[in-house]
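Both counts, for ligands and for their atoms, begin at 1 and track the order of listing.
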Amino acid sequence: MSPAAPPTPSAIGHWIGGEGADAADGRTLDVTDPASNRPYAQVARGGPADVAQAVDAARTAFPDWAATAHHERARVLHRIADTVEDRHDRLAAFESYDSGLPIGQARGQARRAAENFRHFAGVITTLGEEAFRQGEEQLSYVVRGPKGVAGLITPWNTPFMLQSWKLAPALAAGCTVVLKPAEWTPLSASLWPEILTTAGVPAGVVNVVHGTGPEAGQALVDHPGVPLISFTGSTTTGRHILRSCADHLKAASMELGGKSPVVVFADADIGAAVDAVVFGAFSLNGERCTAGSRVLVERPLYEEFTCRVAERAAGLRVGPPADPATEVGPLVHSDHYRRVLEYVRHGCEEARLVTGGGRPAHLPEGNYLQPAVFAEVPRDARIFQEEIFGPVLALAPFDGEEEAVGLANATRYGLAAYVWTSDLRRGHRIAHAVDAGMVWINSHNVRDLRTPFGGAKASGVGREGGAHSIDFYTEPKSVHVALGEARPPRLGEGARP
Ligand code: NAD
């Protein structure tokens with residue numbers, strides 16, 4: 001059964017210099033609905049010519065936007081937030097329809113998108129610059145200016161929210177941008193032109209070019225007029241983009257994949273830990289970069305914990321994304337669905353399947369999967385090591401802190417980690433010992449937007465969030481001034497021959 005379709009555009013175009021545009025060569029890609037896999041729209045398939053036009057528009061708009069006072073940029077950001085909130089229902093319906101996110105969760109992501117703009121409006125008006133004095137003699141101060149045209153490349157999970165996570169700080173910092181949304185989920189990005197125009201963002205400050213990664217994305221990465229790239233996506237693509245950035249000496253921020261551990265000790269608040277594990281692994285259809293997809297449980301609690309998590313996973317309501325009762329919707333695309341099923345197949349050879357892993361009988365078409373829980377997963381199993389990015393959870397027992405940390409750190413990723421224990425000193429010890437950019441103790445994934453967001457090891461390079469984002473989108477310049485009388489060493493006063 002297909003969810004009720006919201007009224008969607010049948011053609012989604014670029015937005016360049018404040019105007020809608022088709023691809024320069026007229027090509028398009030099909031956009032499908034994950035509940036039926038039927039195409040419902042065509043999106044412009046951009047390439048180097050489209051990117052070049054968008055970069056020109058962004059470069060033309062740059063001087064005025066960069067010169068706009070901070071408080072004025074902040075007002076624009078607040079207006080964007082207001083406009084996103086005004087379109088809340090339509091935005092959530094688009095996101096849910098196009099990506100398969102359950103509507104209730106898509107609503108949460110739409111609210112977060114508005115918050116991102118409010119947050120960075122606050123950051124840019126409160127952030128100071130730095131001054132250093134060397135006694136009374138010398139003053140050095142640092143001013144920060146926007147770097148130029150920012151290239152923003154985003155993935156298909158929570159598409160609009162992740163776009164706002166990059167657009168807000170880039171605009172706050174005074175950059176103009178070219179955004180390349182993911183080709184599987186372009187629908188919510190079709191709302192940007194209307195939102196940004198209503199909010200009074202000048203033409204050319206934000207440009208959107210659709211298309212595939214190797215065509216539109218690569219053209220953006222390679223364009224000499226774009227000095228920085230903010231990328232969120234897979235580790236494989238990130239590595240490739242970073243190499244291209246090196247060729248052009250571009251700044252790059254890389255938010256990449258994860259295989260985050262949840263470490264549960266026997267003294268934990270078990271009810272809260274079960275809730276958090278089920279939410280962390282299966283909300284957003286398991287397509288969450290910080291999903292706690294490996295759960296390590298202290299042996300005395302292991303059997304009970306596994307049963308409780310499996311019972312809850314079996315009870316998850318899998319269904320059409322538009323149904324408010326749905327807790328897990330269809331996976332974003334049939335290619336991704338096949339990939340996740342392949343991992344389930346590997347999992348059955350590598351570990352014990354406790355529940356799920358198949359198509360629910362009441363959903364004969366679309367990319368639906370009953371969330372899968374695997375137990376006794378060995379550390380060298382593919383489902384322990386590799387990011388699946390779907391509703392598939394791996395559990396394994398451990399004995400003692402040392403083994404817990406060893407297992408937590410046994411993958412190439414280091415995005416997030418979660419620790420559950422009633423011994424807070426131990427909680428902090430584990431948090432410090434785990435290789436991860438972000439650790440939560442006795443908490444599910446609650447963000448503070450001021451903190452650095454990003455990962456260690458193969459999960460990323462650099463951090464965004466609060467002042468860290470402004471750091472990335474601006475170039476610091478140190479200015480040194482003599483306050484007293486200048487007394488440079490005098491050279492060249494020797495006797496003339
Ligand atoms: P992906 O790497 O396939 O694609 C991401 C984006 O990059 C898309 O817009 C794609 O078109 C573009 N792209 C692909 N090849 C490119 C190239 N050669 N040059 C420029 N752009 C190119 O990732 P995905 O499958 O869309 O997203 C899922 C991945 O994103 C997962 O690995 C997930 O962990 C990661 N992710 C990370 C975070 C984080 O903050 N760390 C957040 C969300 C998602």
Participant: Could you list the atoms of ligand 1 found under 4.0 angstrom from a heavy atom of I241?
Facilitator: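 Going through ligand 1 atom by atom, the ones under 4.0 Å from I241 are 19 (N), 20 (C), 21 (N).
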Participant: Going by the order shown, which atoms of ligand 1 are within less than 4.0 Å of some heavy atom of F453?
Facilitator: 40 (O)
Participant: E475 side chain to K147 main-chain N or O, any donor-acceptor pair under 3.5 Å?
Facilitator: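 No; zero donor-acceptor contacts below 3.5 Å.
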Participant: Pick whichever of S253, G217, G454 has a heavy atom sitting closest to atom 21 (N) of ligand 1.
Facilitator: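 Looking at heavy atoms only, the winner is G217.
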Participant: Below 3.5 angstrom, do we get any N/O pair linking E183 and ligand 1?
Facilitator: yes
Participant: Which is closest to atom 17 (C) of ligand 1 by heavy-atom distance: S234, G213, A216?
Facilitator: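 Selected option, by shortest heavy-atom distance: G213.
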Participant: S96 side chain to L101 main-chain N or O, any donor-acceptor pair under 3.5 Å?
Facilitator: yes
Participant: Backbone or side chain, does any N or O of S459 fall under 3.5 Å from an N or O of ligand 1?
Facilitator: no
Participant: Which protein non-hydrogen atom lies closest to atom 37 (C) of ligand 1, naming both residue and atom, and how far is it?
Facilitator: L256 O, 3.1 Å
Participant: What atoms of ligand 1 come within less than 4.0 Å of a heavy atom belonging to A182?
Facilitator: 9 (O)
Participant: Please determine if D471 and R463 form a salt bridge, counting it only when a charged side-chain N lies under 4.0 Å from a carboxylate O.
Facilitator: no
Participant: Suppose I only count heavy atoms of L162 and a 4.0 Å limit; which atoms of ligand 1 are within that range?
Facilitator: 43 (C)
Participant: Among all protein heavy atoms, pick out the one at the shortest distance from atom 9 (O) of ligand 1; state its residue, atom name and that distance to 0.1 Å.
Facilitator: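 Going atom by atom, the protein heavy atom closest to atom 9 (O) of ligand 1 ends up being T154 O, 2.8 Å.
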Participant: To which protein heavy atom is atom 25 (O) of ligand 1 closest, and what is the distance rounded to 0.1 Å?
Facilitator: W156 NE1, 2.8 Å
Participant: Under 4.0 Å from a heavy atom of N157: give me the atoms of ligand 1 that qualify, with their elements.
Facilitator: 43 (C), 44 (C)
Participant: Specify the protein heavy atom at minimum distance from atom 27 (O) of ligand 1: its residue, its atom name, and the distance to 0.1 Å.
Facilitator: P155 CB, 3.3 Å
Participant: Who's the nearest protein heavy-atom neighbour of atom 32 (O) of ligand 1, and how far?
Facilitator: E387 OE1, 2.6 Å
Participant: Taking only heavy atoms of L415 into account, list the atoms of ligand 1 that are under 4.0 Å away from them.
Facilitator: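 Every atom of ligand 1 under 4.0 Å from some heavy atom of L415: 41 (N).
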Participant: For I153, counting its heavy atoms only, list the atoms of ligand 1 lying under 4.0 Å from any of them.
Facilitator: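 In order of number, 6 (C), 7 (O), 9 (O), 12 (C), 20 (C), 21 (N).
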Participant: Check whether R118 reaches the backbone of A114 with its side chain - one donor and one acceptor, N or O, closer than 3.5 Å.
Facilitator: no
Participant: Just to check, does W184 reach to within less than 4.0 Å of ligand 1 when the distance is taken from its heavy atoms?
Facilitator: no
Participant: Less than 4.5 Å apart, any side-chain heavy atom of V226 and any of V178?
Facilitator: no
Participant: Tell me whether E287 contacts the main-chain N or O of V332 through its side chain, where contact means a donor paired with an acceptor under 3.5 Å.
Facilitator: yes
Participant: Side chain of T158, backbone of M161: donor and acceptor closer than 3.5 Å?
Facilitator: no
Participant: Partners of E386 by salt bridge (charged side-chain N to carboxylate O under 4.0 Å, His left out), sequence neighbours excluded?
Facilitator: R382
Participant: Counting non-hydrogen protein atoms only, what is the nearest one to atom 7 (O) of ligand 1? Give residue, atom name and distance.
Facilitator: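 Atom 7 (O) of ligand 1 sits closest to the protein heavy atom F231 CE1, 3.2 Å.
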Participant: Check for a donor-acceptor pair, side chain of S459 on one end and backbone N or O of L415 on the other, with a separation under 3.5 Å.
Facilitator: yes
Participant: Counting only nitrogen or oxygen atoms and a 3.5 angstrom limit, does T235 reach ligand 1?
Facilitator: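 Min N/O separation from ligand 1 is not below 3.5 Å for T235.
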Participant: State whether the side chain of N207 and the backbone N or O of V177 hold a donor-acceptor pair below 3.5 Å, judged by distance alone.
Facilitator: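 Yes, because the side chain of N207 sits within donor-acceptor range (under 3.5 Å) of the backbone of V177.
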Participant: Any idea which of C289, G257, G233 brings a heavy atom closest to atom 35 (C) of ligand 1?
Facilitator: G233
Participant: Distance to 0.1 Å, residue and atom name: give those for the protein heavy atom nearest to atom 28 (C) of ligand 1.
Facilitator: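 Looking only at protein heavy atoms, the one closest to atom 28 (C) of ligand 1 is F389 CE2, 3.6 Å.
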Participant: Can you tell if the side chain of R317 reaches within under 4.5 Å of the side chain of V328, non-hydrogen atoms only?
Facilitator: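 Counting from C-beta outward, R317 and V328 never come under 4.5 Å.
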Participant: Could you tell me whether F160 and W165 have their ring centroids closer than 6.0 angstrom?
Facilitator: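 Not close enough - the centres of the two rings lie 6.0 Å or further apart.
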Participant: Find all atoms of ligand 1 within a distance of less than 4.0 Å from any non-hydrogen atom belonging to H240, and give their numbers and elements.
Facilitator: 18 (N)
Participant: Which atom pairs, one a donor and one an acceptor, fall under 3.5 Å between side chains of residues 10-17 and the rest of the protein, sequence neighbours left out?
Facilitator:
| from | atom 1 | to | atom 2 | distance (Å) |
| --- | --- | --- | --- | --- |
| H14 | ND1 | H210 | N | 3.0 |
| H14 | NE2 | D50 | OD2 | 3.1 |
| W15 | NE1 | G18 | O | 3.4 |

Participant: May I ask you to decide whether R45 forms a salt bridge with D25, counting only side-chain N to carboxylate O separations under 4.0 Å?
Facilitator: no
Participant: For atom 19 (N) of ligand 1, what's the nearest protein heavy-atom neighbour? Residue, atom name and distance, please.
Facilitator: Q218 N, 3.4 Å
